[in-house]
Structures are given as structure tokens and as C-alpha cells.
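Worksheet: the structure to be examined is printed underneath.
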There are 2 protein chains.
Amino acid sequence: MQMKATAVTANGLKAACSQCNLRELCLPFGLTGEEIDRLDELVANRRKVQRQHQLYSAGAPFEAIYAIRTGSFKTDVLLEDGREQVTGFQMTGEILGLDGISAEVHSCNATALEDSEVCVIPYGRLEQLSRQVESLQHQFHKVMSREIVRDHGVMMLLGSMRAEERLAAFLLNLSKRFMARGYSPAEFHLRMTRDEIGSYLGLKLETVSRAFSKFQDEGLVAVHQKHIRILDLDGLRQLLTHCAKHP
Amino acid sequence: MQMKATAVTANGLKAACSQCNLRELCLPFGLTGEEIDRLDELVANRRKVQRQHQLYSAGAPFEAIYAIRTGSFKTDVLLEDGREQVTGFQMTGEILGLDGISAEVHSCNATALEDSEVCVIPYGRLEQLSRQVESLQHQFHKVMSREIVRDHGVMMLLGSMRAEERLAAFLLNLSKRFMARGYSPAEFHLRMTRDEIGSYLGLKLETVSRAFSKFQDEGLVAVHQKHIRILDLDGLRQLLTHCAKHP
DNA sequence: GGCCCGGGTTGACTTGGATCAAACCGATAC
DNA sequence: GTATCGGTTTGATCCAAGTCAACCCGGGCC
């Protein structure tokens with residue numbers, strides 16, 4: 001399998017990073033063609049994950065990080081009493097598994113929200129290569145740091161915002177990420193349930209549903225099940241900025 | 001100044017990592033004596049930060065990360081409308097500034113909670129050295145990953161826990177960290193105000209205060225202003241585990 | 001077609017924590 | 001000693017979001 005993958009790379013048929021249209025969003029960002037070729041050798045392996053199946057789960061030994069090629073995932077942590085907290089939704093080009101580096105064991109679950117495919121990046125070899133390739137090292141650090149900044153944003157959301165602000169922030173964030181991938185920033189399909197959105201935003205699913213309905217009534221978005229069309233981007237943004245305390 | 005610091009190191013009088021009793025908690029963890037000496041060359045510079053003063057602020061150009069030598073800090077993000085979210089409290093041996101790597105600009109404020117001193121670790125040189133010293137690279141990655149895992153814990157707290165659970169989790173976390181530094185895990189002094197605790201936990205200061213009083217009434221802790229004595233560690237832990245939905 | 005089933009929506013009611021307000025406490029300044 | 005001031009505690013009231021429950025909708029299957 002290793003051999004096959006490498007062979008395909010050599011043929012340039014359709015293999016790893018060098019041919020991937022996500023490379024500007026992913027680990028290869030900022031690398032020269034030559035450097036990407038070296039990364040290719042290491043990322044040869046892919047893995048398909050079916051909808052609702054786990055890429056890894058909390059407690060599993062950490063061996064690799066993963067770049068999402070197609071599809072999307074959620075990550076979550078579970079409390080002993082069964083409470084679940086969704087810590088993030090990841091889409092193509094984003095990296096999964098960074099939580100595992102610290103204890104050499106994964107600390108959360110990563111579950112595919114749809115049939116998906118990831119590139120497997122063996123961690124030991126990544127460290128090795130990033131000692132040789134400065135730009136790779138730098139980009140890897142940026143990816144980790146970006147995750148930290150993102151997490152701080154979620155804390156802000158969970159700690160200081162009201163229900164509708166949270167949902168607005170969530171939609172704006174998705175919109176931005178879809179746009180970065182060349183999709184419409186105004187019209188998209190949610191891959192997660194209301195319950196999962198609620199868990200991520202620290203709300204109950206009923207509250208999420210009500211907020212969606214409210215946005216719809218106010219003409220901010222058109223919601224039909226999981227299909228979302230943003231009608232008034234600025235309206236959503238304003239909701240975020242100066243909804244403040246006493247409206 | 002650079003020279004002076006290096007000279008002191010050479011004399012072994014009392015300089016950087018090699019002589020620092022925090023090295024097991026900090027960046028030098030896992031390095032050989034020789035490797036620590038190389039790290040020392042780069043960490044020569046120190047900086048004092050007075051209580052209530054900022055080590056860096058959101059938007060400031062990112063140049064270095066910082067290891068706390070003495071004292072403690074809080075980090076926070078501000079929303080345009082003035083709302084503040086404290087994203088963490090850091091104590092000795094912990095690393096500040098990792099948020100700045102992603103955009104080459106700091107994304108939060110770091111403020112000293114008491115007169116403090118940090119070791120300045122110029123980021124470019126750290127990347128350079130960690131390309132040469134495998135164990136340093138590895139430890140640095142672990143530190144970043146640990147921050148990500150910590151952030152997920154805070155999300156859990158903010159998204160899924162009730163007020164008293166949050167405070168219990170907070171106290172237990174402090175207790176653990178004081179213990180790791182050789183201080184009493186049962187008796188300590190809070191460096192932050194009720195308001196700052198509230199911001200961190202997504203609660204108002206009155207709620208924090210009430211929760212403290214409740215814990216005191218139940219004999220779990222003795223609270224006198226900022227002085228805390230934990231009387232029933234297991235009681236606090238239980239509060240966390242199975243306080244579940246319907247008590 | 002009709003049935004089932006897993007989401008999703010909507011309504012009525014409850015509640016935990018926010019808000020507002022007053023008093024308290026300990027440290028520093030006069 | 002008294003006044004001041006930032007931080008903290010405590011009480012009374014309010015409201016945003018949670019809970020419980022009924023119903024709806026669309027897709028898959030018989």
C-alpha cells in the first residue's frame with residue numbers, strides 16, 4: 001500500500017499535496033514545489049471514514065495527525081456522566097489530532113459528519129521533516145497556534161455571548177470558511193444536527209431552533225432544515241457587535 | 001545586556017534554564033544538560049512586569065514567547081463593545097504568547113496579576129534551535145498541544161457545566177497546579193478578583209461569590225477573601241462528577 | 001400508497017443565574 | 001482616630017434559556 005501510494009505520486013497521477021487543490025489552506029502552505037514533494041513522501045497514506053464513524057477516539061494512542069481531504073468532522077469531549085461538549089467542526093484542509101501530541105494519547109473523539117477522507121500524516125516523520133524544512137516547521141506551528149486562537153474565540157462565545165449572538169457568530173464563521181474553499185458564503189448545507197450545534201454553542205437544541213426561526217422572521221437568513229441561505233450578512237454582523245447588554 | 005546575561009550563565013551564578021527550579025514544568029523538560037545550555041543562550045533575556053501591567057496586548061507584533069519565572073498572569077480577549085473574556089490564568093513555568101504565532105500579531109492581552117518576571121524567548125531563534133535539538137522541538141510541540149487540550153477543557157466547562165461545577169473544577173485545577181509547583185494543594189491565595197474568575201468561568205462576580213459561600217456552608221472549603229483552604233477535596237470532585245442534571 | 005422514525009419546530013411553564021441595590025470589609029490615606 | 005475606595009457579600013427581583021411535551025416534516029421501507 002505504501003508502495004502503491006508512492007508510485008502514484010511519482011506518476012503525478014493524483015496523489016498527495018502537490019496535486020491537492022487544498023494545499024493553500026493546509027500544511028503545504030508556503031512551501032516550495034520541491035519541499036511539497038518531500039512532504040508528499042510522508043503523506044502517502046489516505047484513510048476513508050464513513051459518516052458517523054470515528055477517525056480516532058479519546059484514549060486511543062496518538063500516532064498521526066490528519067488533514068481532511070473531503071468531507072467534514074466534529075470533535076468532542078465526554079464527561080463521565082455522559083454530557084458531551086462538541087469542541088469544533090472541521091472542514092477540508094483543516095488538521096485533526098493536534099490534541100494528541102501532549103500526552104501521546106488522543107484527548108477527544110473525532111467523528112465524520114459525512115463520508116470523508118483524510119490524509120494520514122505520521123507524527124514522528126512530520127517532526128523529523130520539519131527539522132529539515134523550515135517553512136514546513138513554521139507552517140505547522142502556525143496551524144497549532146491558529147487552533148489556540150480559534151479556541152479562545154469559542155471561549156469568548158461561550159462565556160460572554162447570548163444565544164442569538166452565538167448562532168450569528170457560528171453562521172458567520174461557517175460562511176467565511178466556505179468562501180475560503182471557493183463555495184458560496186451565502187448558501188450552504190449544514191452537516192451537523194441542531195443538537196450538535198447546540199452542544200458546540202453551549203445551548204439546547206430547542207434554543208438553536210428558536211434562534212434560527214427568529215433570524216428567519218427577521219429576514220436575516222432563509223432556513224430550510226439543514227439548508228441555509230444568508231440574506232443579510234451585515235445584519236448578522238451587527239447582531240454580533242452591538243447587541244450588547246440592553247438593546 | 002545580552003553580554004551580561006550570557007556572562008552570568010557562564011559563571012553558573014544564577015541565570016537561565018539550567019539553574020531554574022521550574023525547568024521540569026517548562027520548556028527545558030526532557031532536555032539533556034548540554035541541550036539546556038544551548039537553550040540558555042537564547043533565553044538570556046528577562047523582563048519584569050508590574051502588577052496590572054501588560055506583558056503584551058492584542059494587536060502587538062509577535063516576536064517572542066515568554067516563560068513565567070515568578071508571579072502570575074491572566075490572558076483575555078476583548079469584544080468591540082467592551083465585553084471581556086478571560087481565556088486563562090497562567091502561573092510559573094507556563095508559557096505565554098503562543099497565540100501570536102499564527103498571525104505574527106498577538107491576539108489577546110497578557111496582564112500580570114502580581115509583580116512578575118518572565119523569560120523572553122525570541123521566537124525566531126527558538127524555531128531555529130528546535131530544528132537542531134529534537135527534544136526541544138518535541139517539548140515545544142507538547143506545550144502547544146497541552147494548551148489546546150486545556151482550552152477544550154474550558155469549553156467543556158463553559159458549555160456544559162453549571163455554576164457550582166465550574167467553580168469546583170476551577171479550584172481543583174488550581175490545587176493541582178499549586179501542588180505541581182511544590183505548594184500546598186489545599187491552601188492557597190487567589191491572585192485574581194471575583195470578577196476575573198467570573199469572566200473566566202462565564203459567570204457574574206455575584207454568582208462566583210455565592211458559589212464560594214455555598215461551598216463554605218457545606219464545609220467543602222474555607223474562604224476568607226482571596227485566601228482559600230480546601231477542606232474536602234473529594235467532596236469537590238464528586239460535585240463535578242455526578243452533580244449531573246437532577247441532583 | 002401508508003407507515004415508521006429521526007430530526008426539527010413550536011408552545012407552555014420553570015428555573016438558574018443575571019441584574020439591581022444595599023451593606024460590608026480591609027487596606028490605605030489623611 | 002476617621003474617610004475613602006476597591007473588592008466582596010448578601011438580598012430581592014427578573015428574564016433568557018432550559019425543560020417538558022406535543023406536533024410536524026421528509027425520507028426510507030414495506
Side-chain angles (χ1 to χ4, degrees), chain A residues 51-52 74 82-86 111 113-114 157-171 189-218 221-228 239 243-247, chain B residues 51-52 74 81-86 111 113-114 157-170 189-218 221-228 239 243-247:
Chain A
R51 180 176 140 80
Q52 304 282 32
K74 70 167 177 180
R83 277 180 287 184
E84 179 200 34
Q85 175 68 33
V86 170
T111 310
L113 295 174
E114 58 194 308
L157 191 143
L158 290 169
S160 316
M161 291 186 184
R162 352 257 285 347
E164 284 164 33
E165 296 178 273
R166 295 185 200 188
L167 188 63
F170 174 67
L171 290 176
H189 188 86
L190 299 175
R191 267 74 180 194
M192 64 297 279
T193 67
R194 299 288 189 263
D195 196 30
E196 287 164 336
I197 297 173
S199 169
Y200 180 62
L201 299 178
L203 303 168
K204 292 287 136 169
L205 66 132
E206 292 95 327
T207 308
V208 174
S209 179
R210 276 185 243 273
F212 269 128
S213 302
K214 180 122 183 286
F215 286 175
Q216 174 136 276
D217 291 349
E218 289 167 344
V221 295
V223 188
H224 186 62
Q225 305 275 118
K226 291 187 162 161
H227 187 89
I228 301 287
L239 221 149
C243 172
K245 317 178 106 192
H246 308 288
Chain B
R51 181 177 141 80
Q52 304 282 34
K74 70 166 177 180
D81 59 16
R83 279 179 286 182
E84 178 200 33
Q85 175 68 34
V86 171
T111 311
L113 295 174
E114 59 194 306
L157 190 143
L158 291 169
S160 316
M161 291 188 184
R162 351 260 287 350
E164 285 165 34
E165 296 178 272
R166 295 184 199 188
L167 189 63
F170 174 68
H189 187 84
L190 298 175
R191 268 74 180 195
M192 64 297 281
T193 67
R194 300 287 189 263
D195 196 29
E196 288 164 334
I197 298 174
S199 171
Y200 180 63
L201 299 179
L203 303 169
K204 293 286 136 172
L205 66 134
E206 293 96 328
T207 308
V208 174
S209 178
R210 276 184 242 273
F212 269 127
S213 301
K214 180 123 185 284
F215 286 175
Q216 175 137 273
D217 291 349
E218 289 167 344
V221 294
V223 188
H224 186 61
Q225 305 275 118
K226 290 185 162 163
H227 187 91
I228 300 287
L239 222 149
C243 171
K245 317 179 103 191
H246 308 289

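Just so it is clear: chains get the letters A, B, ... in the order the sequence lines come, proteins before strands, and each one is counted from 1. All values below were derived from every heavy atom in this structure, side-chain atoms included, with hydrogens, water molecules and symmetry-related copies excluded.
C:dG17 atom P lies 14 Å from atom CD of B:Glu206, rounded to whole Å. Atom P of nucleotide D:dT9 and atom CZ of B:Phe215 are separated by 13 Å, given to the nearest angstrom. One interatomic measurement links the two molecules: NZ of A:Lys214 to P of C:dT9, which rounds to 16 Å at whole-angstrom precision. In this structure, A:Asp195 atom CG and D:dT19 atom P are separated by 12 Å, rounded to whole Å. Atoms CZ (A:Arg83) and C1' (D:dG18) sit 14 Å apart, rounded to a whole Å. When the P atom of C:dT10 is taken as reference, atom CD of A:Gln225 falls 11 Å away, rounded to whole Å. In this structure, A:Glu196 atom CD and C:dG8 atom C1' are separated by 14 Å, rounded to whole Å. Between A:Gln216 atom CD and C:dG8 atom P the separation is 15 Å, expressed in whole Å.
Between A:Leu203 atom CG and A:Phe170 atom CZ the span is 11.0 Å, to the nearest 0.5 Å. For the atom pair CG (B:Leu167) and OG (B:Ser209), the distance works out to 10.0 Å, reported to the nearest 0.5 Å. Here NE2 of A:His224 is found 10.5 Å from NE2 of A:His189. Values are rounded to the nearest 0.5 Å.
For the helix from C:dG1-D:dC30 to C:dC30-D:dG1, the axis fitted to the five pairs at one end and the axis fitted to the five pairs at the other end meet at an angle of 30° (nearest 10 degrees).
Contact annotation: the side chain of A:Met192 never approaches that of A:Tyr200 to less than 4.5 Å [non-hydrogen atoms, C-beta and beyond]. When side chains are defined from C-beta on, B:Gln85 counts as touching B:Leu158, because their heavy atoms get closer than 4.5 Å. Side-chain contact between A:Glu165 and A:Leu157: absent, with no pair of heavy atoms (C-beta onward) separated by less than 4.5 Å. A:Ile197 has its side chain within reach of A:Phe212: a pair of non-hydrogen atoms, C-beta onward, lies under 4.5 Å apart. Using a 4.5 Å cut-off on side-chain heavy atoms (C-beta onward), B:Glu196 and B:Leu205 make no contact.
Each of A:Arg191, A:Arg51, A:Lys74, A:Lys226 was checked for a salt bridge (Lys or Arg N to Asp or Glu O under 4.0 Å) with A:Glu114, and the lone residue meeting it is A:Arg191.
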Extract from the structure each pairing of a protein N or O with an N or O of nucleotides 12-17 of chain D at less than 3.5 Å, listing the distance.
from   : atom 1 : to       : atom 2 : distance (Å)
D:dA12 : N6     : B:Arg210 : NH2    : 3.4
D:dA17 : OP1    : A:Ala163 : N      : 2.7

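Considering only side-chain N and O atoms, B:Thr193 lies nowhere under 4.0 angstrom from the phosphate OP1 or OP2 of D:dG6.
Mapping A:Gln52 and B:Leu205 onto DNA chain C via the closest heavy atom, the residue that lands nearer the 5' end is A:Gln52.
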